[in-house]
Amino acid sequence: MGYLTQPCPVLICLQLLLLYFQCCSAKLCSHDQSSALLQFKQLFSFEQHSSYDCDEVYQQSCPKMMSWKEDADCCSWDGVTCDTVAGHVIGLDLSCSWLHGNIPSYSSLFFLPHIRKLNLAFNDFNYSEISSGFSQLRSLTLLNLSSSNFMGSIPASIGNITQLSYLDLSYNNFNGHIPSSFSNLEQLHYLILRSNFFRW
Ligand SMILES: *[C@@H]1O[C@H](CO)[C@@H](O)[C@H](O)[C@H]1NC(C)=O
Ligand SMILES: *[C@@H]1O[C@H](CO)[C@@H](O)[C@H](O)[C@H]1NC(C)=O
Ligand SMILES: *[C@@H]1O[C@H](CO)[C@@H](O)[C@H](O)[C@H]1NC(C)=O
């Protein structure tokens with residue numbers, strides 16, 4: 001037994017040290033990214049009924065952005081995922097987050113070019129159209145705008161997001177045709193369009 005237990009405390013110490021360096025030693029988030037995120041937050045008011053459909057289905061909406069604070073590392077903010085090496089924001093999951101407002105093409109969201117997964121499902125974008133700004137997010141592999149009170153036609157520029165493999169536009173008021181530029185989306189595996197007013 002003795003020879004088994006002896007090395008353990010040293011190992012535990014090393015593991016704790018490693019954990020400390022991985023999680024707590026450096027701020028990952030650059031100032032540019034945290035200010036882009038905080039500006040993005042200012043586009044919205046937070047109202048629970050914006051995520052009414054989420055609560056109907058999952059009963060777990062919450063205003064994630066309300067806890068975002070200037071002086072903290074944005075990589076630790078609720079809904080934000082960063083790449084652990086470079087500290088780039090690579091994921092934003094603001095589904096079911098009470099957002100009410102719209103996202104204009106000049107929004108600072110589009111200054112976060114490393115985002116790969118963007119989930120804005122179950123919010124209230126106030127019957128606005130999808131801004132062409134989304135096409136600046138060239139690294140996007142997942143875009144989820146399901147059940148979020150969007151309307152209008154889909155901008156052809158979405159066809160420029162060539163890495164896109166999941167696109168969920170379901171349960172909105174979209175209309176018009178699916179742009180022919182979608183044929184550029186060679187990685188597209190899931191295209192979910194149900195419950196809209198598309199013409200074929
Ligand atoms: C929602 O849209 C209406 C009508 O276009 C507008 O008057 C209102 O200011 C918008 N609200 C928000 C929060 O953007
Ligand atoms: C994006 O797509 C639009 C419409 O398909 C096209 O006209 C435009 O040139 C593209 N922009 C870039 C920067 O690739
Ligand atoms: C979009 O988000 C909703 C809510 O989180 C989820 O139910 C749905 O499966 C998502 N769609 C994709 C393609 O991930």
Side-chain angles (χ1 to χ4, degrees), residues 30 32-33 35-44 50-51 53-54 57 64-65 74 79-83 86-97 99-200:
S30 68
D32 287 357
Q33 294 186 112
S35 59
L37 288 167
L38 288 170
Q39 275 180 48
F40 180 54
K41 173 184 175 181
Q42 285 176 3
L43 293 173
F44 306 107
S50 298
S51 297
D53 290 341
C54 173
V57 182
K64 292 180 189 170
M65 271 177 155
C74 79
V80 178
T81 307
C82 292
D83 136 1
H88 294 139
V89 173
I90 55 168
L92 207 48
D93 181 355
L94 295 172
S95 58
C96 302
S97 296
L99 311 190
H100 177 55
N102 62 55
I103 306 175
S105 57
Y106 56 80
S107 164
S108 58
L109 171 65
F110 308 126
F111 303 158
L112 296 164
H114 302 284
I115 296 187
R116 292 180 214 151
K117 296 185 179 176
L118 179 58
N119 191 344
L120 299 173
F122 292 108
N123 289 293
D124 179 3
F125 294 104
N126 199 28
Y127 299 97
S128 57
E129 300 195 0
I130 299 186
S131 142
S132 58
F134 280 96
S135 66
Q136 290 171 46
L137 300 176
R138 291 303 166 90
S139 308
L140 274 190
T141 60
L142 180 149
L143 178 60
N144 192 341
L145 304 178
S146 179
S147 302
S148 284
N149 289 343
F150 279 106
M151 62 171 271
S153 52
I154 307 297
S157 58
I158 296 293
N160 294 335
I161 313 175
T162 51
Q163 302 301 305
L164 208 54
S165 76
Y166 297 85
L167 178 59
D168 193 342
L169 301 173
S170 59
Y171 302 99
N172 283 292
N173 288 290
F174 290 121
N175 56 32
H177 293 283
I178 304 298
S180 57
S181 63
F182 271 39
S183 60
N184 301 334
L185 301 176
E186 289 175 4
Q187 306 297 318
L188 199 61
H189 286 106
Y190 292 92
L191 174 61
I192 307 172
L193 302 173
R194 87 170 70 80
S195 252
N196 281 291
F197 301 99
F198 288 116
R199 273 183 286 132
W200 301 98

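On a predicted model such as this, the values are computed, not experimentally measured, just so you know.
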Whether the side chain of [X] engages the backbone of [Y] through a donor-acceptor N/O pair (distance < 3.5 Å, no angle test) should be reported.
X	Y	answer
N172	S148	yes
N173	N175	no
H177	R199	yes
S108	F40	yes

Gap between atom [atom2] of [Y] and atom [atom1] of [X] - 0.5 Å precision:
X	Y	atom1	atom2	result
Q187	H189	CD	NE2	7.0 Å
L169	I178	CG	CD1	7.0 Å
Q163	L185	CD	CG	10.0 Å
L118	T141	CG	OG1	10.0 Å

Considering all heavy atoms, the nearest [X]-[Y] contact:
X	Y	result
S131	S105	OG-CA, 3.1 Å
S139	P113	OG-O, 3.0 Å
G79	K64	CA-CD, 4.2 Å
L120	L94	CD2-CB, 4.0 Å
P155	P179	O-CG, 4.0 Å
S51	S97	OG-N, 3.5 Å

Scan L143, L142, L140 and name whichever one has a side-chain contact (heavy atoms from CB on, under 4.5 Å) with I115.
L140
Show your reasoning for whether side-chain contact (heavy atoms from CB on, under 4.5 Å) applies to L37 and L92.
CA-CA 10 Å; L37 288 167; L92 207 48; 4.0 Å; yes
Taking C-beta and beyond as the side chain, do [X] and [Y] meet within less than 4.5 Å on heavy atoms?
X	Y	value
L43	P104	yes
N123	F44	no
S146	S170	yes
F125	L99	yes
I90	K117	no
L112	Q33	yes
I158	L164	yes
N160	R138	yes

What verdict does the side-chain contact (heavy atoms from CB on, under 4.5 Å) test give for I130 and I154, after you've listed the backbone C-alpha separation in whole Å, the side-chain angles of each residue and the deciding distance to 0.1 Å?
CA-CA 7 Å; I130 299 186; I154 307 297; 4.0 Å; yes
Side chain to side chain donor-acceptor pair (under 3.5 Å) between N149 and D124, worked out:
CA-CA 5 Å; N149 289 343; D124 179 3; 3.0 Å; yes
Worked verdict on Y171 versus R194 for side-chain contact (heavy atoms from CB on, under 4.5 Å):
CA-CA 6 Å; Y171 302 99; R194 87 170 70 80; 3.2 Å; yes
Evaluate V80 against V89 for side-chain contact (heavy atoms from CB on, under 4.5 Å), listing each step before the verdict.
CA-CA 7 Å; V80 178; V89 173; 4.1 Å; yes
Atom OH of Y166: over 12 foreign heavy atoms under 6.0 Å:
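Counting neighbours around OH of Y166, 12 or fewer heavy atoms of other residues, nucleotides or ligands fall under 6.0 Å, so no.
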C74 and C82 SG atoms under 2.5 angstrom apart:
no
What is the ring orientation for F198 with F174, classed by angle as parallel under 30°, tilted 30 to 60°, or perpendicular over 60°?
parallel
Check for me whether the distance between the ring centres of F110 and F134 falls short of 6.0 Å.
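Yes.
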